[in-house]
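Take a look at the structure set out below.
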There are 2 protein chains.
Amino acid sequence: MSAVRALADLSPLPQKAEWLDTILKGDCVAALDKLPEKSVDVIFADPPYNLQLNGDLHRPDQSKVDAVDNDWDQFDSFAAYDAFTRAWLLAARRVLKPNGTIWVIGSYHNIFRVGASMQDLGFWILNDIVWRKTNPMPNFRGRRFQNAHETMIWASRDPNAKSYTFNYDALKASNDDIQMRSDWLFPICTGAERLKNDNGDKLHPTQKPEALIARIMMASTKPGDVVLDPFFGSGTTGAVAKRLGRHFVGIEREQDYIDAANERIAAVVPLEAADLTVLSGKRAEPRVAFVNLLDSGMLKPGATLYDAKKRWAAKVRADGTLAIGDNAGSIHRVGAALQGLESCNGWTFWHYERNGGLTQIDELRRIARLGMERAGA
Amino acid sequence: MSAVRALADLSPLPQKAEWLDTILKGDCVAALDKLPEKSVDVIFADPPYNLQLNGDLHRPDQSKVDAVDNDWDQFDSFAAYDAFTRAWLLAARRVLKPNGTIWVIGSYHNIFRVGASMQDLGFWILNDIVWRKTNPMPNFRGRRFQNAHETMIWASRDPNAKSYTFNYDALKASNDDIQMRSDWLFPICTGAERLKNDNGDKLHPTQKPEALIARIMMASTKPGDVVLDPFFGSGTTGAVAKRLGRHFVGIEREQDYIDAANERIAAVVPLEAADLTVLSGKRAEPRVAFVNLLDSGMLKPGATLYDAKKRWAAKVRADGTLAIGDNAGSIHRVGAALQGLESCNGWTFWHYERNGGLTQIDELRRIARLGMERAGA
DNA sequence: GCATTCGTTGAATCTCATC
DNA sequence: TGATGAGATTCAACGAATG
């Protein structure tokens with residue numbers, strides 16, 4: 001049989017659609033409506049977060065935080081934001097293949113509304129994934145916990161769509177043969193990866209790290225799949241898709257972002273097919289805080305700690321601080337103050353009584369660390 | 001004067017409300033409606049998950065998940081869960097003090113709906129907190145990521161309630177002097193802490209670890225505060241509250257849980273008051289005005305103050321203001337103006353000469369405070 | 001060249017008592 | 001109740017400058 005005949009026997013190769021690997025300019029819903037239905041395998045969406053800021057915020061050193069105050073993040077009310085959300089989700093659902101899945105990222109400002117809308121529209125949540133940031137911005141005024149994570153929702157198109165892509169074994173193999181958890185640790189996007197404008201300032205206020213998108217694609221797409229990003233921004237989704245041998249479609253309103261994204265993606269060199277297997281995520285060294293010893297019951301509030309020579313005795317309080325007379329604070333601050341020093345490593349300075357002798361609390365930290373390592377703390 | 005007369009002169013001690021440190025039996029909303037408005041400092045709520053497949057929202061614990069059921073109507077089911085959620089949230093909001101806060105825990109099944117309802121009802125989200133489990137249940141089918149976390153929403157009663165309790169300094173000190181993040185790591189409740197029934201099976205399917213509740217209480221309550229738990233279950237909230245010197249109110253429908261919780265709480269030994277002292281920061285210190293340093297003679301009118309690098313020299317005036325050239329005003333205003341900043345902490349900016357070196361005037365404030373404490377100010 | 005210091009920055013619903 | 005003013009408040013990463 002000749003090669004020509006063999007080719008003729010095959011069903012025709014799918015013509016690469018014109019819109020593949022391009023950025024569509026315009027409103028997100030209008031652009032989605034132009035795409036054929038059931039045509040993309042995965043959607044990654046990073047919609048506006050509906051941040052509601054009250055005036056300027058300054059760091060303790062008086063420098064001003066460059067906040068997200070762009071037009072595209074202004075909504076009059078929750079109702080307005082919900083209407084916007086439902087409109088783009090509905091349009092996105094139409095273009096998603098029946099066994100496709102969607103990822104949406106957000107913060108506490110918007111993610112609850114987005115998640116509820118997704119459920120209302122018929123999406124079926126498979127997981128919520130927490131992106132833990134290694135280097136989040138601190139809380140400068142000390143009135144809340146440091147906002148150190150964002151949330152992603154991963155959902156199938158329908159409740160009974162069971163044949164979605166999930167590369168379970170590859171993820172597990174890349175994770176030291178432990179199944180991948182729902183909490184991921186990545187740094188925010190900085191350094192050379194962060195696109196800059198002509199002034200040297202960040203081009204886009206919310207550029208996501210490529211490593212985060214790469215894990216998403218390695219988890220939920222196959223090579224050759226089509227990934228749609230309806231809020232394309234600086235084009236991270238396109239850059240990662242090209243590198244990993246996936247097709248992308250981007251939708252973006254602002255020409256500046258489109259130009260920068262096109263340039264960025266053009267510079268990407270795709271990986272060899274053979275290398276498209278494993279990407280390992282960063283694991284942090286486990287950090288144990290003093291309060292964790294109370295959490296785990298290794299130390300009890302009211303317990304007494306001593307320095308090595310039993311010159312000082314301090315009491316452990318329920319809030320995880322140490323107190324000796326008027327002097328109270330962290331194990332480090334109290335140790336430093338007693339010795340009249342600037343600093344002190346409380347872990348090695350303080351001891352607890354065991355078997356009639358003294359043992360460094362650092363020993364307890366070592367034990368606690370063993371328990372945390374499993375979770376990749 | 002007789003003891004009787006003296007007592008009569010005092011304003012009446014607040015009678016301990018009958019419902020304090022008890023469990024109210026019954027439906028959550030009905031019981032909440034019986035409590036006085038604005039009477040609790042913090043609410044911790046662990047509401048039922050949204051079990052659409054059996055339709056019984058109030059008794060999730062005995063349910064079996066039927067994976068294939070074509071009859072259910074997701075819209076009706078979500079709507080029913082939303083109605084339930086809004087009803088208890090609204091009732092809970094009424095009993096919350098204006099500066100109180102609420103914690104709600106959930107998973108991806110229900111937390112998005114709960115969060116959206118909270119925003120709709122006027123609660124103001126302060127943080128979402130991720131409870132990362134050191135030992136979560138694996139995903140057995142390999143079709144999803146291991147569901148390794150739950151989400152808690154922490155919210156104030158109103159958007160502009162700014163005086164809620166947040167023990168920032170204690171949390172930071174307990175965390176090795178680094179501010180506490182929004183992702184917490186704890187083991188799930190197992191072992192001796194887990195309540196068992198007569199068969200040796202777990203008494204309650206979703207018993208939360210005491211360490212998790214303890215961190216919540218240490219973060220957002222003071223000793224003596226009232227903590228309400230409208231889904232009391234096995235009574236973890238009550239046990240932790242008693243141990244940490246807080247009052248609790250529980251609401252629970254099932255007598256088995258009430259009996260077990262009462263027994264459990266009765267066995268709890270409260271910590272000593274001294275061990276419950278919460279470390280507070282500068283904000284809680286008694287205020288010292290700059291002019292007090294003149295009053296007490298620590299500084300004299302005409303004295304010269306410098307910034308750390310002796311770039312500026314300002315003169316202290318008899319009225320407690322500072323002057324340098326045309327620039328006069330409070331230590332803060334003058335410091336800010338010199339640096340061209342919006343604000344400045346004059347206490348740490350200005351220094352005086354001592355032993356040939358420069359010392360912050362904040363040191364004088366510290367000494368002044370010691371004097372005030374002796375005087376019982 | 002290498003170690004150290006200093007400055008910059010990042011999706012942020014970021015004060016509170018007093019008058 | 002709104003305006004005023006005192007004064008409290010940051011972590012990790014990166015890069016440039018300095019020693």
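Since we're looking at a predicted model, the values are computed, not measured. When reading the values below, keep in mind they use all heavy atoms of this one structure, side chains included, and skip hydrogens, waters and symmetry mates. So that the names make sense, note that chain A is the first sequence line, chain B the second, and so on, each numbered from 1.
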Query raised in the report: Take atom CZ in A:R194; do more than 12 heavy atoms of anything else shown fall under 6.0 Å from it?
Result: yes

Query raised in the report: When we call it a touch if two heavy atoms are under 4.0 Å apart, what does A:G55 touch: a base, just sugar-phosphate, or nothing?
Result: base

Query raised in the report: Side-chain donor-acceptor pair under 3.5 Å between A:H149 and B:D128, yes or no?
Result: yes

Report task. Using a heavy-atom cut-off of under 4.0 Å over every strand shown, decide if B:Q119 touches base, sugar-phosphate, or nothing. Result -> base

Report summary line: Separation of D:dT10 atom C1' from A:K64 atom NZ, nearest Å, is 17 Å

Report summary line: Rounded to whole Å, the CG-P distance (B:D128 to C:dA11) equals 16 Å

Query raised in the report: Does the C:dA11 base have a donor-acceptor partner in the side chain of A:K208 within less than 3.5 Å?
Result: yes

Report summary line: Residue set satisfying ring-ring contact (aromatic ring centres under 6.0 Å, His included) with A:F231, at least two apart, ordered chain then number -> A:W88

Query - Interatomic distance where CG belongs to B:D362 and P belongs to D:dA8 [whole Å] - result: 7 Å

Requested in this report: Respond yes when some side-chain nitrogen or oxygen of B:S330 is under 4.0 Å from OP1 or OP2 of D:dA6, and no when none is.
Outcome: yes

Report task. Can you check each nucleotide of nucleotides 14-19 of chain C against protein heavy atoms at under 4.0 Å and return B for base, S for sugar-phosphate only, - for none, in 5' to 3' order? Result -> BSS---

Query raised in the report: Would one find more than 12 heavy atoms of other residues, nucleotides or ligands at under 6.0 Å from atom CD of A:Q255?
Result: yes

Report task. Tell me what B:R181 touches on the nucleic acid: a base, only sugar-phosphate, or nothing, going by heavy atoms under 4.0 Å. Result -> nothing

Query raised in the report: If you look at every strand shown and take non-hydrogen atoms under 4.0 Å, does B:S343 touch a base, only sugar-phosphate, or nothing?
Result: base

Query - Paired and unpaired positions of DNA chain C as dot-bracket, Watson-Crick or G-U wobble under 3.5 Å, | denoting a partner strand - result: .|||||||||....|||||

Query raised in the report: Taking 4.0 angstrom as the limit, do B:D158 and B:R93 come out as a salt bridge?
Result: yes

Report task. Using a 4.0 Å heavy-atom cut-off across all strands, classify B:P159 as base, sugar-phosphate, or nothing. Result -> nothing

Requested in this report: Output the single nucleotide from C:dA11, D:dC11, C:dG10 whose closest atom is nearest the side chain of B:Q179.
Outcome: D:dC11

Requested in this report: Calculate the interatomic distance between A:H149 atom NE2 and C:dA11 atom P; express it in whole Å.
Outcome: 15 Å

Query raised in the report: Say you draw a straight line from OG1 of B:T101 to CD1 of B:I125; how long is it, rounded to the nearest 0.5 Å?
Result: 13.0 Å

Query - 5'-most by nearest nucleotide on DNA chain D - B:K172 or B:R333 - result: B:R333

Query raised in the report: To the nearest angstrom, how far is A:Q62 atom CD from D:dG7 atom P?
Result: 15 Å

**Report entry** ring-ring contact (aromatic ring centres under 6.0 Å, His included) involving B:W350 - partner list, sequence neighbours excluded
**Finding:** none

Query raised in the report: How far, in whole Å, is D:dT18 from C:dG1 if one measures between their C1' atoms?
Result: 14 Å

Query - Distance-only donor-acceptor test, A:D69 side-chain atoms vs C:dA12 base atoms, 3.5 Å - result: no

Report task. Would you indicate what A:T206 reaches in the nucleic acid, counting non-hydrogen atoms under 4.0 angstrom: base, sugar-phosphate, or nothing? Result -> base

**Report entry** Those residues that, when tested against B:Y108, pass ring-ring contact (aromatic ring centres under 6.0 Å, His included) (two or more places apart)
**Finding:** none

Report task. For atom NZ of B:K315, decide whether the heavy atoms of other residues, nucleotides or ligands shown that lie under 6.0 angstrom number more than 12. Result -> no

Query raised in the report: Is the Lys NZ or Arg CZ of B:R215 less than 6.0 Å from the centre of B:F186's six-membered ring, within 45° of the axis?
Result: no

Requested in this report: Looking at every strand, decide which applies to B:L126 at a 4.0 Å heavy-atom threshold: base, sugar-phosphate, or nothing.
Outcome: nothing

Report task. Could you tell me whether A:D61 atom CG has more than 12 heavy atoms of other residues or ligands within 6.0 Å of it? Result -> yes

Report task. Report which part of the nucleic acid A:P209 touches: base, sugar-phosphate, or nothing (heavy-atom distance under 4.0 Å, all strands). Result -> nothing

Requested in this report: Looking only at non-hydrogen atoms, find the nearest pair between A:F140 and A:H58 and report the distance.
Outcome: CB-O, 4.0 Å

Requested in this report: Scan B:N175 against the nucleic acid and name what it touches under 4.0 Å (heavy atoms): base, sugar-phosphate only, or nothing.
Outcome: nothing

Query - Letter per nucleotide, 5' to 3', of nucleotides 4-9 of chain C [B base touched, S only sugar-phosphate touched, - untouched; heavy atoms, 4.0 Å] - result: -----B

Query raised in the report: Can you tell me if B:W154 and B:S220 form a side-chain donor-acceptor pair at under 3.5 Å?
Result: no

Query raised in the report: Is any side-chain N or O of B:H332 closer than 4.0 Å to OP1 or OP2 of D:dA6?
Result: no

Query raised in the report: In whole Å, what is the span from the CD1 atom of A:I188 to the C1' atom of D:dA12?
Result: 8 Å

Query - Rounded interatomic separation in angstrom, taking CD from A:E193 and P from D:dG15 - result: 12 Å

Report summary line: By nearest-heavy-atom nucleotide on DNA chain D, the more 5' of B:N345 and A:P136 is B:N345

